[in-house]
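Throughout, protein chains are lettered first and strands after them, A, B, ... in sequence-line order, and every chain is numbered starting at 1.
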Amino acid sequence: MRSRTAPQTLQGQPGGLQTKRSRREFLQAVGAGSTIFFLTELLEASAPAKAQAASAATQTVTEGHPPGDGVQQNVLLRMQADLRRALAKPVHQRRWVMVIDLRKCVGCYACTIACIAENKLPPGVVYRPVVEEEVGEYPNVTRRFLPLPCMQCDNPPCVPVCPVGATYKRADGIVAIDYNQCIGCRYCIAACPYNHRTFDAGEFYTKGTPKVEDYEKIPNFEYGRKWPRKGDEKSPAGNARKCHFCIHRLEAGMLPACVTTCIGYATYFGDAKDPDSLVSEMIGKPNVMRLKEELGTNPKVYYLV
Amino acid sequence: MDDHKIPEVPDGRGSSRSVTRRDLLKTSALLGGTALFASRLQWAVGLLERAEAGGLQPGEAYDLVKAENILYSACLQCNTGCGIKVKLLDGIVAKIDGNPYNPFSFLPHVPYKTVPQQMTTVDGPLCPKGQAGIQTVYDPYRLVKVLKRAGPRGSNKWRTVPFEQAVAEITDGGKLFADVGEDRHVPGLREVWVLRDPKVAKAMEKAVREIRAEKDKAKKQALLDEFKTTFKDHLHTLIDPNHPDLGPKNNQFLYFWGRQKAGRADFVKRFVQDSFGSANFHGHTTVCQGSLYFACKAMSEQYVFDPKDGKMKWTKGRKAYWQGDTEHAEFVIFVGASPFEGNYGPSNRVPRMTEGLASGRLKMAVIDPRLSKTAAKAWRWVPAKPGTEAAFAFGMMRWIIEQRRYDERFLQNANKAAASADGEPTWSNAAWLVKVEHGKPGAFLRGSDLGMKPQKRTETVKDKSVEYAFDPFIVLRDGKPVPFDPYDEKTAVEGDLLVFTTMKDVEVKSVLQLLWEEAQKHTVDGWAKICGVRTADIVDLAREFTSHGKKAVADIHRGVSQHTNGFYNVVAWMTLNTLVGNIDWKGGSVYGKTYDPSGEKEGQPYNVGALHPRKMTPFGVSIIRHETKYEESTIFEGYPSKRPWYPLSSDVYQEIVPSIGDAYPYPIKIAYLYMGTPVYSLPAGHTNIEVLKDPNKLPLFIASDIVIGETSMYADYIFPDLSYLERWEFQGSHPNMTIKVQPVRQPVIGPIPETVKVFGEEMPISHEAFLLACAERLGLPGFGKDAFGSGQDFRRPEGFYLRMVANLAAGDKPGDEVPDAGDAEVDLFLKARRHLPKTVFDPEKWKRATGEAWWRKVIYVLNRGGRFQDYKKAFKGDLLGNQYGQLINLYMEKTAKTKSSMTGKSLPGLAVYIPAPLDIMGRPVDDAPAGYDLHLITYREIMHTKSRTASNYWLLALLPENFILINRRDALRLGLRDGEAVRVTSASNPDGVWDLGNGRTKPMVGKLRVIEGIRPGVVAFSLGHGHWAYGASDVTINGRVVKGDPRRGRGLHANAAMRIDPVLKDTCLSDPVGASAVFYDTRVKLIKVA
Amino acid sequence: MFQRQWARRAVYGAILVAILLGLIGMVQRLRLGHLPANYGSYVPWGLWVAMYVFFVGLSAGAFLVFFLHHALGIQVLRRVSPFALVAAFLSLGAGLFLVWVDLGHMDRVWKLFMDFTPSSLMAWMTLVYTLYGLVLVMALGALAGGSRSLLRRLSWIGMMLVMVFGGGEGALFGIVSARPYWNSGVLPLRFLFSGLLAGTALVTLLAVAFRRWPADDEHRRMLTFLGRVLLGLIGINLLAEFADSSISLYSAVPATVEAYRLVFFGPYAWVFWIVQALLGLAVPVALLLYGQRRGSGVAAGVAGALLLLGVFAARLNVIIPGQAVLGFGNLPQAFVHPRLATTYFPSPIEWLVAFGVVGAALLVFLLAVERWRILRVEA
Ligand SMILES: Nc1nc2c(c(=O)[nH]1)N[C@H]1C(S)=C(S)[C@@H](COP(=O)(O)OP(=O)(O)OC[C@H]3O[C@@H](n4cnc5c(=O)[nH]c(N)nc54)[C@H](O)[C@@H]3O)O[C@H]1N2
Ligand SMILES: Nc1nc2c(c(=O)[nH]1)N[C@H]1C(S)=C(S)[C@@H](COP(=O)(O)OP(=O)(O)OC[C@H]3O[C@@H](n4cnc5c(=O)[nH]c(N)nc54)[C@H](O)[C@@H]3O)O[C@H]1N2
Ligand code: SF4
Ligand code: SF4
Ligand code: SF4
Ligand code: SF4
Ligand code: SF4
Ligand SMILES: [Mo]
């Protein structure tokens, strides 16, 4: 009846169990054969992705700075190389994680806006707010910034509550929404402990001005499909919405928009199942924490402090 | 399609309205580019339908990864101008990312030779404003047609007029506003374009220069009389034949701008100066960080032969400044600078620091009354009192000199040879001896003072050999005076640093000695007290600053320069950088370098400035009296002058409009404002309204804008401009950029303003189209047929810019050319521009402009968004590859020889601490006794830019309104609560309102945010909110009301509270030396709004 | 039923006005989607969901009365039990209509049936409502057919379903670990009990206001009985609420404490103190006690009405504050939009639709009572 593939509930999906990989395993993996952060072996032209991303396959890898020329590698290029390695594996053997280094986050909101631009988010919908907080008393004060994408919980409270199975956990760990299936009941929104999900009420930023501008109507590419924006209750309007780690970019061999745009180079992304990936190295460090771990959600977004 | 319904929207007051597309076309013919939209939508709809029908394959769907949908250009959402990668979907901008070729947006950036097809999946970082540029460009309130006022100035009643008509009216003049009841003749450009003979202009310029240089009164008069006879046939071309130094009547056409970059600057210079011959060509520098520029200019003056004057003098000081190389520094002190929020900055600077913060390489201290985001990451936040920046520097200097922790080896070098011997690219005058007369340091001690004979030297000027004298400078070495030439590359001369002696009855001191004495005026405790900080703050910073060799740097910005003492604050901090000798070293002070597109370099094909058939030499004092001494003018009437003169500065924004108002030194008839908004941006900018709205003071006022802005709303005509994604420019670089660059801004989308015909060519209305059309109608030389030489016409805007790109492709010297683009790149170049209409992209015409020989090189440059040096070439071991490499003046002799036109007193020649604020006569301004108990400062939030992001709804969602930041202690003391609304009042604006001069006022009311992170006694508001134009208010066009959008007008803009100078009464406080407009020296009172 | 013609006109007039307003609201809702509604993301569920929860609770309580008569044979409820059945039916309808209107995609409601997702409580609830709805329809049929045994069997089945969804309704919230204020094992019981209370109160009110029988002794005995049931249910409710709040507050989860703080002292504290505690509890208890002694119909009716109000306020005070406390305090300032705020007050259109639904349910009820012969129980 529905053209989409059946949603994978937590219990039933292959990645669910494998993600319960222990911290020790990570540490071992890092110890085994990791490269050094920033200096690299770079961008070996691994067979990009799979045949699935037809156009992406034609995009060959950038050359960057050749190894050994004394110039440090741009860390985005390093992660892109990691990404391509992951894409070469079957989907269930990938585990996408994000690492946010709070020491490097300057609260610039570039990620917030890049995500909005990339995914053409309407008013009231946001996938990556950055929460700011002032701590201390004059003159011993500081400010803290906390970017909040979806935690892509391995045990996501938002998924089981959905009455129509519109939201589900993918084999690679991403919690996705089937826009055409979602009835807009907003139960998942209520159920997310991170207040991550938002409701698309069908607004336009330029509504009420002399012209509703085109840039709001052109399609976004979420979940690898084109979603032109028509307002009313045409999906994704009327739906719950959330961060999806930019699946459509991953499939094209690109890092999520909030990662590439991060001017602090504070956001890292990659495959936790690849011991050689930069993120695997990072989440094996002692200064790692996750938000609301006590709820048992098992978030896949890590913070460095 | 025409009836395409825009659904009803409740407007918040319960009612709702509904507009059909046809209505829109009728009502707002000039707004929002609706006509164009219709055709654009057609494609989009086709696409949507395909998508809906499921006709797109999954992989295919991500169109933004295709090379032919990507164009590289330069951001202008703030002046940093990062490299951008614009991704298009059927001609509409879908996403903007950072350009990985450009070091402003990728660290390290990819090698220049990387082919663009390989870069499609690589996106660079970009700040939120850069991302939101889409909303500046696709702004429903954008202008597409020329507006002419249909009521008094500022009434916001407009009608649309055909472009040709507007141009005709402006060039020809006449009773242009008879229809709104103004029976007055308005002068046209032709009437003002009086002196047309370049030869006469040149001769007059030379004669005027001689008159000015003559100090003797009688001789001066004689020269004046001589002038009158020599030029008796041309006296009518002068503003005042008795004062030829006011220049020709042409000067009564004034062009001024806010944000203008190379390319456009050269284009307009050609029009205003080279062709029209006006000397009034002024930018906004002093509203920005003027005194920073002009202090560093003074510090970078070189004592060299000046071919124009035929003698040696202090000249070639560059309007440029230093910032820190934070990518390699170990310790940075940011003073009044916030690279994580504003600055130049933030996309390029943040990554050059965060890595170091996380790895422990970098330690930062921040001196700022407000806990900026930069300060939030700092090792030490020092909330010193605003205006005491130099005092803090002197506290550090006192400790550093006392402890002899300065770089002695560096400072002893008196000339280039000595510096080279130490591997130092630069040297200072720290050891040079200065004569002290009547206890005041004056000129440098010279060989002649010690009875040495000046050297005879010769120089060739225009094939003629000119003889001149060189009188050497002196240092003391082992008790003996040593003469030297600062630029001597062979004989190294070093000098003792702390010298205090008499020679031949002349008291002399070394420069460092003078500094040391200045620093000794207070103890470190004393300096700390002045700054309101702990002594430990000064000592700790000084120790840290001198503990990292050359890898420690002070990086300063507006918080230092925009005070009445700005110039000397800047000198004090730059002196500190010199004391550790960090200039041109990795981790030290950087001087930005760019590839020059002007064509002046050898091997460049088109010297666009020189390729001119009848180039004028503009002359005469400018309306802002810049770079010229009052004493030399023929209108010298003793002190004070009517308004201040600025002999050491230029682009004195705050002086432009008030000087027009005072007609000092002469009246202006026509003013053309490009991309600037003095009313909004200046401190006390509301004072400009009085002048701008009065046709008697300013008979014709034209503006170029993309919307109806806070200042353009007072214009007689507004010409729609192309936005930054539709136009050409060369963005240049910034002082903190260690890599040599020249980003190119180029059209990436079709134009939004309507198409017109100029010189027989179709083009969109724009800044250039307006100038070209005026040139055509006036018959101005330098435009149209054969303007660049025979067979080389200048009819289209890009004709100019493409030639400049060819220069860029040629590089700075022969052998520096970029490679030719290969066939695949040429193909991509064309394909990626398939959505651009012929009016802006016609490959044949483009190729004709660049010439066949350069075409493929031009493509190579444009395919990468500019020209960028490879990363590894930017460094040489521990040194920066792009160097300043010259003398740095700790003592500025030229400055010391300059007098204030208001007081007649000479200016200090080295760093000093002068308390702030002072009025233009140098008297303290103290409003505290009148109950103005809080110190007002202003700052940038990262998500807003000046007057320009009110249209960026994404950014508004991050900060829909700004706040007045206040410390919790002050709030408690004053009984104020978080979120409460207060009115900002000051001694010069006790009502706390913006008087818009059109019957409307806007109260300066904002909400309080009570925080810990601000110095008690100081309140701050951020720049960018509180609009009353820019689409925030209703305007009437062709008799119909176009509703404003209240979202664009929220928050507060408290510039009108900033202190008006009590002497001038129509201008903000200003730094009399560096000319900065003063933002941070106002005292205010907050009044609760019931 | 209506002793005076003007009263009838007034009631029908008011109902028609409400329906008219509701139609306006519905037209706007259908034209503009969710734009005019005030619920959003940080408060995803607003007035409509609160009313839906309230209405299905009403249905449960009304069914209780029906059950008491048909299953347990409490004769004194003879006259009012058909009222109760109709009320149960209409309440369910009104409640489900409101959640339907609340859906982001009303046209996709069928997916609830076609894509049943066993992990989702909401999916199960849908199933239970469907069965319960069927039971109600059959019971109405049986009422017409006069089959007492069928009615008895249906009332047993129905009552079991009532227990399931009456509690399930609370579980819908109770299982949400994201909202500590809701996240409690007692919440399902609280919802069940308060639903029963409200439903019984509704039936009491209807019996007083729209009775089609004389105010005779049987009537007074019926009211006395209903009064006792109400008092009993109030007692049980207080106990459940006390258990819930004391456990929650004792555990001192910050978000829960903050939510309670909002309820007791927040901007809408008056809802708790005045509407819920005073008007919705203290006054009706007094009236009921008074009514017990005097057998006053008016007192019972007013008490019923006030109890309805009180339970509704209590529902709001569970649903809204539970959402108003976010995991990250400054989140609403991070990206500003009315739908990303923790403050919520229903928009005009939400009210309009709500009025309309109440009006429509009342209209059908009155028409049924006035026109439908089977509801005329002989005195
Ligand atoms: N309170 C406060 N005020 C400040 C500052 C502050 O820190 N606090 N900072 C100051 C500084 S550093 C600066 S540089 C100034 C800047 O002040 P300005 O240089 O005067 O102005 P901008 O805000 O850059 O914008 C100028 C105007 O140009 C028009 N415009 C926008 N885009 C275009 C375009 O593409 N083409 C054309 N033709 N016109 C366009 C709009 O009307 C806009 O309002 O502001 C100063 N004002
Ligand atoms: N986001 C954003 N970035 C921008 C721009 C923008 O509009 N928005 N504009 C660009 C332009 S044109 C410019 S000139 C630069 C300006 O860049 P900056 O000069 O770095 O920025 P500002 O915020 O003007 O001022 C810097 C700091 O000075 C502090 N300050 C204020 N008063 C005082 C004082 O009296 N003493 C001291 N020590 N500090 C003080 C402020 O709190 C602020 O943190 O930014 C550029 N970048
Ligand atoms: S953060 Fe929220 S939306 Fe994301 S997976 Fe976890 S529960 Fe679901
Ligand atoms: S809003 Fe959509 S995704 Fe969320 S629970 Fe409801 S149907 Fe599922
Ligand atoms: S991963 Fe993609 S969707 Fe998620 S926050 Fe980042 S940009 Fe947005
Ligand atoms: S873009 Fe990076 S630095 Fe900026 S707020 Fe987001 S995570 Fe922080
Ligand atoms: S800092 Fe931001 S706004 Fe400024 S030029 Fe760079 S990207 Fe554009
Ligand atoms: Mo600036």
Side-chain angles (χ1 to χ4, degrees), chain A residues 1-2 7 9-11 109 112 116 123-126 128-133 146-148 157-166 180-195 197-203 207 231-233 235 237-241 291-292 295-297, chain C residues 30-37 39-45 49 99-100 102-126 172-173 175-180 182 319 322-323 326-335 337-340 342:
Chain A
M1 176 154 314
R2 281 179 278 136
T9 49
L10 242 196
Q11 296 81 349
Y109 306 103
T112 312
I116 289 171
V125 176
V126 61
R128 189 172 159 118
V130 178
V131 174
E132 194 188 323
E133 184 187 28
L146 181 68
L148 289 169
C158 59
V159 166
V161 298
C162 178
V164 293
N180 286 336
Q181 176 68 5
C182 168
I183 61 171
C185 70
R186 310 194 289 286
Y187 199 173
C188 54
I189 300 180
C192 169
Y194 302 93
N195 300 107
R197 291 181 173 231
T198 48
F199 176 61
D200 185 341
E203 298 185 34
K207 204 164 222 169
D232 308 329
E233 284 178 35
S235 284
N239 292 2
R241 299 186 70 175
L291 296 176
K292 297 196 178 184
L295 295 177
T297 48
Chain C
L30 294 176
R31 254 164 45 87
L32 303 175
H34 296 269
L35 293 179
Y39 46 78
S41 297
Y42 297 159
V43 182
W45 289 335
V49 171
V99 254
W100 179 58
D102 187 74
L103 287 185
H105 291 275
M106 291 166 72
D107 55 326
R108 295 184 189 164
V109 63
W110 56 271
K111 288 180 189 273
L112 280 167
F113 302 94
M114 305 309 294
D115 297 312
F116 182 75
T117 307
S119 66
S120 170
L121 193 58
M122 197 185 274
W124 285 105
M125 297 294 290
T126 315
L172 217 52
F173 297 90
I175 60 158
V176 176
S177 59
R179 316 276 177 163
W182 292 345
I319 295 172
Q323 305 178 79
L326 297 180
F328 307 94
N330 294 337
L331 194 52
Q333 282 94 60
F335 194 79
H337 188 273
R339 283 179 220 284
L340 300 176
T342 51

- Query: Can you find a heavy atom in the side chain of A:Pro129 that is under 4.5 Å from one in the side chain of C:Leu331?
  - Reply: yes

- Task: To the nearest 0.5 angstrom, please state how far the CD atom of A:Glu132 sits from the CZ atom of C:Phe328.
- Result: 15.5 Å

- C:Leu326 versus chain A, the contacting section by heavy-atom distance below 4.5 Å: both

- Task: For chain C, find which of A:Leu148, A:Leu295, A:Leu291 contributes the most heavy-atom pairs closer than 4.5 angstrom.
- Result: A:Leu148

- Message: Quick one, A:Ile183 and C:Asp107 - any side-chain contact, counting heavy atoms below 4.5 Å?
- Response: no

- Could you tell me whether a side-chain N or O of A:Tyr187 sits under 3.5 Å from a main-chain N or O of C:Leu172, the two making a donor and an acceptor? yes

- Examine whether an atom of A:Ala240 lies under 4.5 Å from a heavy atom of chain C, and if so say whether it belongs to the side chain, the backbone or both; otherwise answer neither. neither

- Heavy-atom proximity to chain A below 4.5 Å, by part of C:Phe113: neither

- Query: Should C:Ser41 and A:Phe199 count as side-chain neighbours, where that means a heavy-atom distance under 4.5 Å?
  - Reply: yes

- Return the option, out of A:Thr198, A:Val131, A:Asn195, with the maximum number of heavy-atom pairs under 4.5 Å with chain C. A:Asn195

- Message: I'd like to know if the side chain of A:Arg186 reaches the main chain of C:Trp45, judged simply by a donor and an acceptor atom lying under 3.5 Å from each other, with no hydrogens or angles considered.
- Response: no

- Query: For C:Phe335, what residues pass the ring pair (Phe, Tyr, Trp, His ring centres under 6.0 Å) criterion, not counting sequence neighbours?
  - Reply: none

- Task: Sort A:Cys185 into side chain, backbone, both or neither according to what part of it lies under 4.5 angstrom from a heavy atom of chain C.
- Result: both

- Heavy-atom pairs under 4.5 Å with chain A, option from C:Gly327, C:Gly33, C:Pro44, C:Gly40 with the top count: C:Pro44

- C:Met122 versus A:Pro163, closest heavy-atom pair with distance: SD-CG, 3.6 Å

- Short side-chain to backbone donor-acceptor contact, C:Arg339 and A:Val125, under 3.5 Å: no

- Message: Looking at chain C, which one of A:Gly296, A:Gly184, A:Cys158 has the largest number of heavy-atom pairs inside 4.5 Å, strictly under?
- Response: A:Gly184

- Item | Proximity breakdown for A:Glu203 and chain C, heavy-atom pairs closer than 4.5 Å | both

- Task: Measure distances from A:Asn180 to the heavy atoms of chain C and classify the residue's part below 4.5 Å as side chain, backbone, both or neither.
- Result: both

- Query: Would a distance-only check, ignoring hydrogens and angles, find a side-chain to backbone donor-acceptor pair under 3.5 Å from C:His105 to A:Ala237?
  - Reply: yes

- Item | Contacting region of C:Trp182 [heavy-atom separation from chain A under 4.5 Å] | side chain

- Message: Checking the side chain of C:Arg179 only, and the main-chain atoms of A:Ala190 only, is there a donor and an acceptor separated by less than 3.5 Å?
- Response: yes

- Message: Can you give me the closest heavy-atom contact between C:Ile175 and A:Val161, atom names plus distance?
- Response: CD1-CG1, 4.5 Å

- Query: Highest number of heavy-atom pairs under 4.5 Å with chain A: which of C:Leu112, C:Leu121, C:Val49, C:Leu30?
  - Reply: C:Leu112

- Task: Determine the option with the most heavy-atom pairs under 4.5 angstrom with chain C, choosing from A:Ala191, A:Pro157, A:Pro160, A:Gly202.
- Result: A:Pro160

- Message: Any non-hydrogen side-chain atom of A:Lys207 less than 4.5 Å from a side-chain atom of C:Leu35?
- Response: yes

- Query: Do C:Asp115 and A:Gln181 meet the criterion of a side-chain donor-acceptor pair at a distance under 3.5 Å?
  - Reply: yes

- A:Ser235 versus chain C, heavy atoms under 4.5 Å apart: side chain, backbone, both or neither? both

